[in-house]
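In what follows, a structure is listed as structure tokens, so that the remarks can point back to it.
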Amino acid sequence: MPVTTTLDRLAPPLFIFIWATGYIVAKLAAPYADPLTFLAWRYAGVVLLMLGLALAARAAWPSRRDMLHLAVAGIGIQALYLGGVWVAIRQGLPAGTAALIVNLQPVLVAALAPLIGERVTPRQWLGVAFGLTGVVLVIGHKLNIGGSYGAPLLLCVMALLAITGGTLYQKRFVPQFDLRTGQVVQFLAALAVTLPLAWWLEPMRIEWNAPVLVAMAWSILVLTAGGISLMFYMLRHGRVTAVSSTMYLVPSVTSVMAWLLFGETLGAQAIAGMVVTLLGVYLVVGQRRPETMP
């Protein structure tokens, strides 16, 4: 079996698993590090890692035009998305509420996909609806939209718009690039935005204890270098609607991890939601022949 075909099959489940661990990492680091400060260190670590890999392999660097497009996409996908979610949760927004808002992304992507030449079929729209319903079932018992959450809710909506816009922008303007040099550009741009905000808004507290070191190493080596690379690979070889819809499965996998690691409740409603989500993702991704706008 060709290597590319094997990676095409393995990429989605690996991406879902890795992306789901982000919530576990956030839970580990949250008591000991300010969110933007942690992210700034994370971005700097990724830049050093990818720069070393790129120089060792003599990888090709993007053109100036592509560098600009990659920087714009990186600010959306990394700085604004992750920063918005992490700060919102730190300010008290329940994780379930944040997850639900962010998981509206496949709906937005499907609605906006025609802008980059993709047609969303009725079957795929049905899958998007099933996926969202499943996510609500999985995290419904964790939702809490009462209270005074004005600013954190706005931050989560900003994060949703940022990752949606960044994903579509990258697919439209720079779908092909070397993952090593491209990520150097993207994370430098994210660092350039995040570091001044951390200095301005936070005391930049970070305790280098075991939980933070584990969270940082996992964030750099697995979540970013692995998860982001897989997402970019899938965007390059697939339809943006299908790629974004796989994110519907992240809350389900995260719930199972939290049940195994932290003893969090996993009831019948959540299990039913996982089944509905799987059906929704199948309806979206199961279309083997991508359709493009004439």
Side-chain angles (χ1 to χ4, degrees), residues 19 21-51 67-95 97-99 101-105 108 148-170 182-209 211-225 227-228 231-232:
W19 207 259
T21 63
Y23 293 92
I24 306 301
V25 164
K27 189 164 186 174
L28 274 177
Y32 312 107
D34 292 326
L36 295 179
T37 301
F38 182 92
L39 291 174
W41 278 96
R42 171 178 172 178
Y43 299 155
V46 174
V47 169
L48 291 175
L49 173 64
M50 289 300 175
L51 181 60
M67 279 189 179
L68 177 60
H69 290 316
L70 284 168
V72 172
I75 289 171
I77 296 172
Q78 308 301 335
L80 298 182
Y81 164 64
L82 286 175
V85 171
W86 278 56
V87 173
I89 292 175
R90 172 58 70 88
Q91 291 185 356
L93 187 70
T97 305
I101 293 172
V102 172
N103 272 278
L104 292 172
Q105 188 208 1
L108 281 183
S148 180
Y149 293 129
L153 283 171
L154 287 176
L155 283 170
C156 258
V157 171
M158 178 204 72
L160 166 65
L161 296 176
I163 192 171
T164 302
T167 301
L168 291 170
Y169 186 94
Q170 180 172 301
Q183 288 194 72
V184 170
V185 175
Q186 288 208 331
F187 282 95
L188 272 175
L191 180 60
V193 171
T194 303
L195 185 58
L197 288 174
W199 179 81
W200 181 36
L201 298 172
E202 298 176 348
M204 300 190 75
R205 178 185 66 94
I206 186 165
E207 300 176 24
W208 292 106
N209 53 25
V212 169
L213 289 172
V214 169
M216 187 66 70
W218 188 268
S219 295
I220 293 171
L221 299 174
V222 181
L223 267 174
T224 303
I228 296 296
M231 184 177 77
F232 290 168

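Remark: W41 pairs with W208 by the ring-ring contact (aromatic ring centres under 6.0 Å, His included) rule, at least two apart or across chains. The side-chain contact (heavy atoms from CB on, under 4.5 Å) search around L51 returns L55, W61, V184, not counting sequence neighbours. Listed by chain and residue number, L28 satisfy the side-chain contact (heavy atoms from CB on, under 4.5 Å) test with V214 (two or more places apart in sequence, or in another chain).
Minimum interatomic distance between P152 and A88 (heavy atoms only, all atoms of both residues): O-CB, 3.5 Å. Of all heavy-atom pairs spanning V25 and S219, the tightest one is CG1-OG, 3.3 Å. Nearest approach of L80 to M158, heavy atoms of both residues: O-CE, 3.3 Å.
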Determine all donor-acceptor pairs shorter than 3.5 Å in which one atom belongs to a side chain in residues 186-199; sequence neighbours excluded.
| unit_1 | atom_1 | unit_2 | atom_2 | d |
| --- | --- | --- | --- | --- |
| Q186 | NE2 | L70 | O | 3.2 |
| Q186 | NE2 | Q170 | OE1 | 2.8 |
| T194 | OG1 | A190 | O | 2.8 |

Per-pair distances, 0.1 Å, donor-acceptor, side chain in residues 32-40, under 3.5 Å, sequence neighbours excluded:
| unit_1 | atom_1 | unit_2 | atom_2 | d |
| --- | --- | --- | --- | --- |
| D34 | OD2 | M204 | N | 3.2 |
| D34 | OD2 | R205 | N | 2.7 |
| T37 | OG1 | E202 | OE1 | 2.8 |

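Distance CD1/I77 to OG1/T164: 10.0 Å, rounded to 0.5 Å.
For residues 69-87, the set of pairs meeting the side chain to side chain donor-acceptor pair (under 3.5 Å) definition, not counting sequence neighbours, comprises H69-Y169. Contacts classified as side chain to side chain donor-acceptor pair (under 3.5 Å) and involving residues 150-160 (residues at least two apart or in different chains) are not found. Here salt bridge (charged side-chain N to carboxylate O under 4.0 Å, His left out) pairs that include residues 68-81, with residues two or more places apart or in two chains, number zero.
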